[in-house]
Each structure stands twice: as C-alpha cells, then as structure tokens.
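Just follow the structure's listing: the first ligand is 1, and inside any ligand the first atom is 1. Positions are given from 1, in the same order as the sequence printed here.
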Amino acid sequence: MSVLPYSDKLAPMANISQDNAFLNAALTATHAGVFEWHVQDRTILLSPNLETLLGFPAGRFDGRIDSLLDILNPHDRDQILAEVRSAPASQTLIETEIRINGTSGQTRWFSIRGELQRDASGTPVAVIGMAQEVPPVVVSERRMRAQQSALFDLLAEERIDTLPLDEAFQRITEKAAHTLYVERVSIWLFSDDMQTLQCHDLYLKSRADHIQCISLKASEYPRYFEALSKSRALAVSYAPTDHRTQELNEKYLKYLGISSMLEATIRRRGETIGVVCHEQVGPSRSWTLDEQHFAASVADVVTLLLEGHEREELLKHIEYQAMHDRLTGLPNRLWFRKLLEDRIRQSSRPFALILADLDQFKEINDTLGHELGDQLLIELGQRLTGLLPIGSALARLGGDEFGLLIEDPGAPNRLADFAASLRQAFARPVVCRGVRLAVQASLGASLFPEHGADVSTLMRRADVALYHAKTNDRYRIYDPSRDRHTPRRLTLMHDLIRAVEQGDIQAVFQPKLDIRSNKVVGVEALARWKHPEFGAISPDEFIPLAELSDLIRPLTLHMIRTASMQRRKWMKDGHDLHVAVNLSPRMLMEQGWSDELVSMLKAFDMPPGMLELEVTETAFINDPERALSVMQELSGHGISFALDDFGVGFSSLTHLSRMPIHTLKIDKSFVQQMASDPRLNAIVHSTIQLGENLGLQVVAEGVENAGLLMRLREMRCHMAQGYHFSPAIEADRIPLYMNQAFTD
Ligand code: C2E
Ligand code: CA
Ligand code: CA
C-alpha cells in the first residue's frame, strides 16, 4: 500500500459522507465515526465527523497516527499498538476501549471495533472500523462503581486497618492512583504548629514504586497552606495559573511535569491535619464532582486509620491500668481472663488452670491489720513468680486468690508435684515487721481442653475443684462426678432419660432459603423438649445434659430418624428438601454408629446426600484426628457436612481444609452485627469469599431483617436462615413455605 498525499487520503472519506449524508447523520447522532488505519504507513483516515468528535478542528487533522496517539491515554496507547502488532493469525477483529484526553481536560471513552486486514504473509496492514463515544453517563457510572469498589477493597478486602500504618498508607496511595488514573498520589501530615507538611508516602504509578519524600514549609508556600486550611478539597485543573498552586508550581511542580492536582484534606475533629494529593503528570485535566468526593473519602480513610492507631495507644495505656493490680504489680482477673481467652483461641494444646486461695487470710487481715495482709500478698506474689515455668502466667484475681496458667502440664502426677511446690512456697513463713506469718493455701485445677473449651467453664470447674480441696487434701483436679448439681439440673437430667427413651423430644424445622432463587431449598432440624414441670427447655440447656450422660447418641439418631421421616412426607407432597441435623461434638468422638445410621436412612428412603450433619469446630479441639476419621467414614457413605457457628471459637484453617465439609454456616452473631459494625461486615464478606474459593456453600444464619438479606445478596452469599423468613416450625407447616418467593 503506498503512502497517499495528505489531501488524497481525506478524499475517499469525505466522499463517503457526501455520498451518504444519511449515514453521516446517523454516525454523528450516535457520536460515532469511521476510520481506516494503515498500520505500516503510520497513517489514519478519519471521517470528518470523527475528526470533530475527537476534538480536532475540522479538516485540520494531519492524518498521522502519532498525532492521534498523542491524545490517547498512555496505557491505552501501548495496549492498542501491542494488540494490533501481536494479533494471532486467526484474529480478524480488534475490539477495545480507549480513553482520550478531551480538550476540556476530561477523559472520554471510545469503543473501537475494527476489522484487521493482512497482506499475503499474514502481517496486519490495516484496521478499518468504527469508533463510538461511550456516553458520559455510562462513563461516570463506571467511574463511580470503580471508586466504590476501591474504597471497599481497602477496608474490607485488604483490611488496611489491621496493617502497620506505613503499609496501610501504601495500599491507599496505590489504590487511589489506579482509581483516579493519576501518576502520583501522596499522603502528607502537618506538624503540630501547622507550619510544615511532611510527606509519609508517595506512590508513582508508572514506576509502581513508593518513595519517601520531602517536606514543605508554610513560609515558602503560604497560599497553598492557606488554601488547605480553608477548604475540604482543592481541585486544581491547571496548576501553573491557579493562584493557590502558583508558588508550588514555580519551585516544584513544573520540574515534575505536574499539571493538575486534586487535594483532599485529612481532618480530625474538624481540624485539618494533613492532605492526600493526587497529581496528574502531562496534559492537564479537570476533576469531576464524583472524583472530588472519592478523594475526600480516601482522606477519610486516612483519618479513620490515624484514629484507630491513636486509639490503640490510648487503649493500651488504659488496658494496662485496668489489667494490673496496684498492690502486687501482678496482672489482675480481667487480664487473666483475657489471657485465657486468647490462649484458647490461638491453640488447642493443653494447659492447666490453677486457682490458689489462702486459708486464713481473712483472720490475718482482721486480727493483725490490712497492712500486714498487704505485705504478705506482695511477698507471696514474688515467690510464686519465681516458681513459674516458662510460658506460664500468674495473676492476682482478687483478695487472697491467685490464678495460674500452666502450659503443657503433662500427666496428672506431674501437675500434682507442681501444685505441691506451690503449696510449699505459700507455707514458708513470711516475716513482716518482726512477725512470722505462716499461711496455708488450697489449690484447685481444671484442664483445657478436657474440662472445658471456654474460660467460664474452666474457671468454674477449677473453682469446684478448689472447693473440694479446701475440705480435703488442699489440692484437687476437677472431677466431673463430684461437680455440684443444682436440683433443677439433676431433675432435668433424670427426666431427660425418659424423654429420650419415649421419643418426647420433638423436632421442629427452620427453612433455609436459596438467596438467588428466593426459594426454600432445605431445612434445619432443631430439638425441642417440653418438660411437664418446667415447660419448654432450650436445647442450649438440655443438649449439654444429654452430652454428659449417654443420651446424646440416641437423641441424635432420634432427630435424624424424625427428620428422614418428615422428608419422606414432604417428598410425597412434591417438595424435595435437604435436611440438616445438628451433631454434637461428642458424636464425632464416638465410633461405630455409622452403620446404624446408614441402615436407618435406607429404611426411610432418605438419600444420604440429602442429609447434612452440622458440626462445630469444638469437635476438633480434643482429638482432631478421631473427629476427622468419623467424618470421613460418614462422608464415605455420601452424607454431607456443614461447619456450624463458623467464625466463633477456634476457626482453624488447617482443620477446615482437611474436613470433608461442603457448607459453611456463618454464625448469627456475625450476621446480626454486620449492619452496625463494618469489621463484621468485612468478616462476613470474606467468609463468603473464602467459601467460594474453597468450593463451599455458604449459609448465613440469624437473618432477621430484609436489610441483612440485601447485604448478603450483594455479597453473593448462597443461603440464608433466620426469623426474617421463619423461626423453626412444626413439620406440617413447612409446605406452606414452599413455592413462596421471599423478597427483600
Ligand atoms: P444452632 O445449630 O446454631 O441453631 C440455630 C439456633 O438459632 C436455633 O436455636 C434457632 O432457633 C436460632 N435462630 C434461628 N434463626 C434465628 C434468628 O433469625 N435470630 C436468632 N436470634 N436466632 C435464630 P435453638 O433451636 O434454640 O438451638 C440452639 C442450639 O441448640 C443450636 O444452635 C444447636 O447448637 C443446639 N441444638 C438444637 N437442636 C439440636 C440437636 O438436635 N442436636 C444437637 N446436638 N444440638 C442441637
Ligand atoms: Ca445448627
Ligand atoms: Ca449455628
């Protein structure tokens, strides 16, 4: 193809439009035009209306592709050149979107569709096609969506609030640069006297790099500083002439090629404390209102972070105050509980909790005075500290009570030896003001995870052991058989045996909704017990009792049997539903019940795949291997598993990846607080994504209102369960819910 003289080149296009005024009018009306790009000659023909559309004065476009590329966004320029050059031989169509820098400084989008023409050797020689401007409303809509998701990413996905401040700043500047398509984004904070701005992070988009940079002084740039102190945002479309940035431009901007700036101030309690700067390098641009809002939101995110970090410092201080005992300098009860909670959350390794209590402390205080009592406590605190094995902890829980956490206590007799040495330390006389005081201490211990999986249970049980130690041999490990039973519990325990044997435990069913189709697709069976004397007893009360005795197995099988029977009835009415039954942790410790289960399912025509057993992570603390093997056996029969109450307790991803589960149920405490707490919102969202990544179904429980459902739908959660649709109801009422569409 030969290079045509400039005037000749325009001729054919001009003819198109003249010959076909109709076509030209149509193109103009739809903001479109046609082009013919001769790749090797580096020339391009534009129809006259496209020329004007692209902002060239009529008839003044010189026909060189480089002149056109000049007004293209650099990223798009490289992309389109690469696409044409490296198009595979089979490709005949180029389809893309490009941004051009409009004459008003605003970015405009064009969608391009062109046919690729090749020479005999297959090399692309020309692209002939149409360019059409993407309507500004579509562009702004897209822009706003991108802005929203950028903010969401920062807070929910990347969890920048959990990162060190400098890293969090880096995430912010990167995200802002890519969202606003600017070359430089930086975060600056004022000195206390407002006379200096210090840059804390500067991101350069083209280099994909962060640099630490300079500080600016108010004395050198008074106008700029003044403007910042007065307004929420500065949108400067041409820095060299804007009075607010002229000084900056002379000494700094012009050397960096910065033409336009969008500055959003970082504010705290109404005062300006810094600024987030977005700087455009190259041709100048204007800033739309939504871009200005976005910049302000970015600055707000910085404020949020700063407040978080400040608050943390303050909290640490208050926490220390609140968590230490003034007298002995030892940590106090609050601290101890928190320590235990953290410890339980972090690891399932065993530890012992020991409570120690002085036997005659009250007498000492009463007869010899508080001062002496105080001295005694200080001295004892020091002695105990000296005895602590590595990794263990000591706290003064109040009065004359101490608490100890002993890591890896080993066999009971090892713990008993340690307890004996503690008692000796207590018993060695203390000399206070010439008085020799000898005290006895009693010790009670409970073991994690054997005696409890939460702090309250462990404390209570160590207390029960302490109580027995006092009347007996001064040291005791918790013994369930000697636990104090309240009369109510004893009665319930007794009556539960009969209730289970006689089938008085009833199953009610709570619908599970498929969020996409708005249809009920399954139910969860929940146990109910109406006690003749006490009335309705919550499963939270009687299930633990059943677990303590041997009742949990018959109870569980009873629930599965009832559920299977009901399912068969619903099936006859034409409703095909999944049924979920809760499985106690204890059941995962028991072996040899899968055969019984499987034959029962068969008897009730229940396909194993339609049964889902809901297990909690608690089942994995004691003996994960055993729990896994029971699960694997059942899942080998086709039964599926859901992980219940996900998020509370032990959430261990190691276990999660090994468990044969196909559903995650997000705990209702997360779901319900999601609306008021952005962190929980983020947790729920990332749990849904985690589920997605692991190929699991995700069910949100405790959905009590339409707002929550809407959020969950946006987060693409699969299923929901909760009072918003229905509480657990009698089996007969379930069909009423079928075929009913629930909307938000
Ligand atoms: P879960 O498995 O987490 O069951 C969900 C509980 O949340 C049920 O309480 C249900 O009625 C309640 N719930 C459902 N939707 C909402 C809602 O929108 N808002 C609120 N606030 N609560 C909602 P329920 O029936 O009292 O059961 C309590 C727990 O007892 C169950 O918690 C489960 O751990 C246990 N449980 C119940 N039945 C059985 C059973 O047959 N076997 C075993 N092992 N445990 C059972
Ligand atoms: Ca459940
Ligand atoms: Ca649950």
Report yes or no: does a heavy atom of G702 sit under 4.0 Å from some atom of ligand 1? yes

Scanning both residues in full, the closest heavy-atom pair of R553 with G592 reads NH2-O, 3.5 Å

D342 bridged to K338 by N-O distance under 4.0 Å: yes

Does R568 CZ have over 12 foreign heavy atoms under 6.0 Å away? yes

Using heavy atoms and a 4.0 Å limit, tell me yes or no: is Q721 in contact with ligand 1? no

Given P511, S538, P539, identify the one with the heavy atom nearest to atom 30 (O) of ligand 1. P539

Polar contacts were defined as any N/O atom of the residue lying under 3.5 Å from an N/O atom of the ligand; does this apply to D644 and ligand 1? yes

Counting heavy atoms under 4.0 Å, the part of D645 that contacts ligand 1 is side chain

Backbone, side chain, both or neither: what part of I543 comes under 4.0 angstrom of ligand 1, heavy atoms only? side chain

Would you say ligand 1 has an N or O under 3.5 Å from any N or O of A527? yes

Heteroatom of D644 nearest to the Ca ion (ligand 2) (N, O or S, atom name): OD2

Below 4.0 Å from any atom of ligand 1, is there a heavy atom belonging to H724? no

Among N582, V703, L555, L583, closest by heavy atom to atom 46 (C) of ligand 1 is N582

Decide whether an N or O pair under 3.5 Å exists between E704 and ligand 1. yes

Is it true that K665 lies under 4.0 Å from ligand 1, counting heavy atoms only? no

Before moving on, can you tell me the angle at the Ca ion (ligand 2) between the OE2 atom of E524 and the OE1 atom of E614, to the nearest 10 degrees? 90°

Have a look at ligand 1 and work out which part of E701, if any, has a heavy atom under 4.0 Å from it: side chain, backbone, both or neither. side chain

Heavy-atom contacts under 4.0 Å between M587 and ligand 1: side chain, backbone, both, or neither? neither

